[in-house]
Amino acid sequence: MKKIINDPNHVVQDMIKGMVMANPKTVKQLEDTLIIARSEAPIANKVGLVSGGGSGHEPAHAGYVGKGMLDAAVAGEVFTSPTPDQVLEAIKALDSGKGVFLVIKNYTGDVLNFEMAQELAEAEGIKVEKVVVNDDVAVEDSSFTTGRRGIAGTVFVHKIAGAKAESGASLEEVKAVADRVVKNVRSMGMALTPCTVPAAGRPSFQLDENEMEIGIGIHGEPGIERKSIATADEIATELTNKVLEDIEFSIGDDVAVMVNGLGSTPEMELYILNSKVHEILNEKGINVYKTFVGEYMTSLEMAGCSVTLLKLDEELKVLLDAESLAPAFLN
Amino acid sequence: MELQVKDIIQWFELTNEKIQANKDYLTSLDQPIGDGDHGINMARGFKEVVNKISTQDYENVADVLKDVAMTLMSKVGGASGPIFGTAFLKLSIAVKGSDSLNFETFTKGLEEAVNGVKQRGKATEGEKTMIDVWSPVVDYLKSEKDFQGDQIRKTAKQAMENTKEIMATKGRASYFKEKSIGHIDPGAASSFYIFEALAEVIKGGN
Ligand SMILES: Nc1ncnc2c1ncn2[C@@H]1O[C@H](COP(=O)(O)OP(=O)(O)O)[C@@H](O)[C@H]1O
Ligand SMILES: [Mg+2]
């Protein structure tokens with residue numbers, strides 16, 4: 001393992017320290033926690049927005065803390081959901097009486113830990129609502145199983161629910177708009193190389209020089225299908241079509257596109273992919289309203305990408321365009 | 001035999017030794033069908049458990065179990081923190097009021113633990129999770145009249161190995177559907193260490 005770290009068991013604490021130092025005016029670390037919150041939190045008359053999850057997805061989630069997006073991000077160990085007591089601390093620190101909204105990615109661990117925190121907060125008299133993001137079409141959706149994972153589409157939930165909360169909306173209104181994003185967002189990813197969890201010291205799987213893995217998650221778990229490496233156009237086509245198959249689009253629909261790098265894919269490659277994604281959408285008569293290319297939801301140093309499409313209505317467009325001062329999503 | 005406070009403490013000290021010794025193995029089980037953190041998570045949690053319970057004075061077993069539960073819940077994270085935390089919390093609640101644990105109370109308590117886990121994680125037997133070790137151990141205990149370490153160990157070991165043949169429908173492993181077959185469930189493996197440690201405490205006491 002070759003990494004720029006001091007101690008594999010201390011990477012999260014060390015990272016958070018550095019993150020706060022990089023944004024001293026806008027964020028603070030809540031004492032004795034792994035929580036990054038807006039420096040002015042709790043904000044009067046505003047629903048508090050909390051997200052979080054395992055670390056290793058930077059800039060998610062702490063990079064999205066700022067005016068117009070999240071009020072706090074709770075960091076777990078690398079790829080491991082944070083614990084209920086930490087999430088509870090974040091909820092308590094944000095509540096201004098208007099309630100707190102949780103954005104959870106659909107993994108058993110995240111759902112269980114956040115739900116327990118919600119129960120504890122409700123027992124203390126705080127109003128809490130949540131949304132569980134499950135945008136990954138690589139995984140079959142079924143009510144008998146854990147269901148789909150939450151991946152890069154989560155960033156759109158942060159942005160849009162965040163803008164709604166910033167506008168002074170009620171907890172119920174924030175939830176309604178977040179639910180609508182989840183209903184209309186889909187993603188699919190692929191990888192060229194695995195990644196190494198610092199405390200594990202070795203990569204989570206192996207891929208040969210000429211292989212790629214389709215349907216990859218963001219936790220170093222293997223993907224759904226392994227095959228020979230293809231061109232950017234072929235990869236873009238496979239990912240985009242898989243997303244398009246899963247959600248109904250009509251000619252003239254507006255979408256937001258996110259071409260997300262998983263950690264060590266050059267922007268050059270992401271832009272090459274993006275042009276094919278646009279070409280496919282064009283052919284289908286789908287209108288690209290806005291495009292985001294870059295690293296939004298990573299998986300340590302994995303090479304690879306994901307493609308996310310979000311179907312937009314008028315309100316979602318306005319909220320997507322609203323101001324954000326979060327360092328990883330300046331808008 | 002009845003399990004005293006000192007036996008319960010020893011149960012978790014032995015569990016911790018086994019989890020630490022097999023940390024890499026547990027993590028390697030979590031790599032093909034998960035995200036490769038199970039050993040790291042459990043090792044972090046049980047180390048803190050032992051730190052916690054070895055520095056306290058306890059009057060009854062329920063208090064030890066409660067500290068075990070709360071420590072796992074606040075130190076492990078992932079799916080296994082709430083799951084194993086809930087198991088020991090339910091066991092603690094079920095045995096509240098007893099200074100020591102007789103076979104009957106323990107068996108009832110462990111059954112409550114399994115029910116609690118099922119409720120929390122919405123999983124049941126046959127979905128390739130730690131339930132597939134805990135539940136057979138409870139079934140075995142219900143068919144017995146007293147603690148028998150060897151049999152507990154044997155039951156847990158067989159159950160752990162049986163998880164290899166199951167296709168996962170819950171937890172991270174469920175993403176791999178048929179491909180999850182052929183691998184032991186990591187949570188089932190740590191559960192085996194928990195019951196192997198219990199068996200050793202019982203054998204020492206017999
Ligand atoms: N719904 C569930 N009910 C019971 N046990 C579960 C459930 N989901 C996962 N598990 C257990 O948790 C283990 C995985 O733990 P761990 O790797 O620490 O967490 P994560 O899956 O969040 O990375 C699995 O091997 C399984 O035994
Ligand atoms: Mg895991």
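Just so we're on the same page: letters track the sequence lines, and every chain starts at 1.
No donor-acceptor pair closer than 3.5 Å links the side chain of A/Thr83 to the backbone N or O of B/Gly77.
Around the NZ atom of B/Lys47, the shell of radius 6.0 Å holds no more than 12 heavy atoms that belong to other residues, nucleotides or ligands. Heavy-atom contacts from other residues, nucleotides or ligands closer than 6.0 Å to CD of A/Glu119 number more than 12. The local environment of NZ in B/Lys164 is sparse, with at most 12 non-hydrogen atoms from other residues, nucleotides or ligands closer than 6.0 Å. Heavy atoms from other residues, nucleotides or ligands lying under 6.0 Å from CD of A/Glu209 number 12 at most. A/Asp32 CG: 12 or fewer foreign heavy atoms inside a 6.0 Å radius.
Side-chain atoms of B/Arg120 and A/Leu112, non-hydrogen and from C-beta on, do get closer than 4.5 Å to each other. Side-chain contact between B/Thr86 and A/Met116 is present, with heavy atoms from C-beta onward closer than 4.5 Å. Side-chain contact between B/Lys122 and A/Val111 is absent, with no heavy-atom pair separated by less than 4.5 Å.
The two residues B/Tyr175 and A/Ile224 come nearest to each other via the heavy atoms O-CD1, 3.5 Å. Heavy-atom minimum distance, A/Arg202 versus B/Ser28: NH2-CB, 3.5 Å.
For a residue to count as touching a neighbouring chain, one of its non-hydrogen atoms must lie under 4.5 Å from one of that chain's; by this rule A/Asp85 touches chain B with the side chain only. Residue B/Phe176 touches chain A through its side chain alone, counting heavy-atom pairs closer than 4.5 Å. Residue contact with chain B, scored on non-hydrogen atoms closer than 4.5 Å, involves the backbone of A/Glu225 exclusively. Proximity to chain B involves both the backbone and the side chain of A/Tyr107, based on heavy atoms less than 4.5 angstrom apart. The part of B/Lys177 that comes within reach of chain A is its side chain, from C-beta onward, which places non-hydrogen atoms under 4.5 angstrom from that chain.
Ranked by heavy-atom pairs shorter than 4.5 Å toward chain B, the options A/Ala199, A/Gly201, A/Gly220 are led by A/Ala199. Put simply, of B/Ala168, B/Ser74, B/Ser174, B/Ala79, the one with the most heavy-atom pairs under 4.5 Å next to chain A is B/Ser74. The choice from A/Glu77, A/Gln86, A/Arg149 that makes the most heavy-atom pairs within less than 4.5 Å of chain B is A/Arg149. Ranking B/Pro82, B/Gly36, B/Gly85, B/Gly121 against chain A, the residue ahead of the rest is B/Pro82, based on heavy-atom pairs under 4.5 Å. Among A/Val139, A/Thr108, A/Val197, A/Thr80, the residue making the largest number of heavy-atom pairs under 4.5 Å with chain B is A/Thr80.
Note that CZ of A/Phe79 and CG of B/Asp30 are 12.0 Å apart. Values are rounded to the nearest 0.5 Å.
Every residue meeting the salt bridge (Lys or Arg N to Asp or Glu O under 4.0 Å) condition with A/Arg186, not counting sequence neighbours, appears here in chain and number order: A/Asp246.
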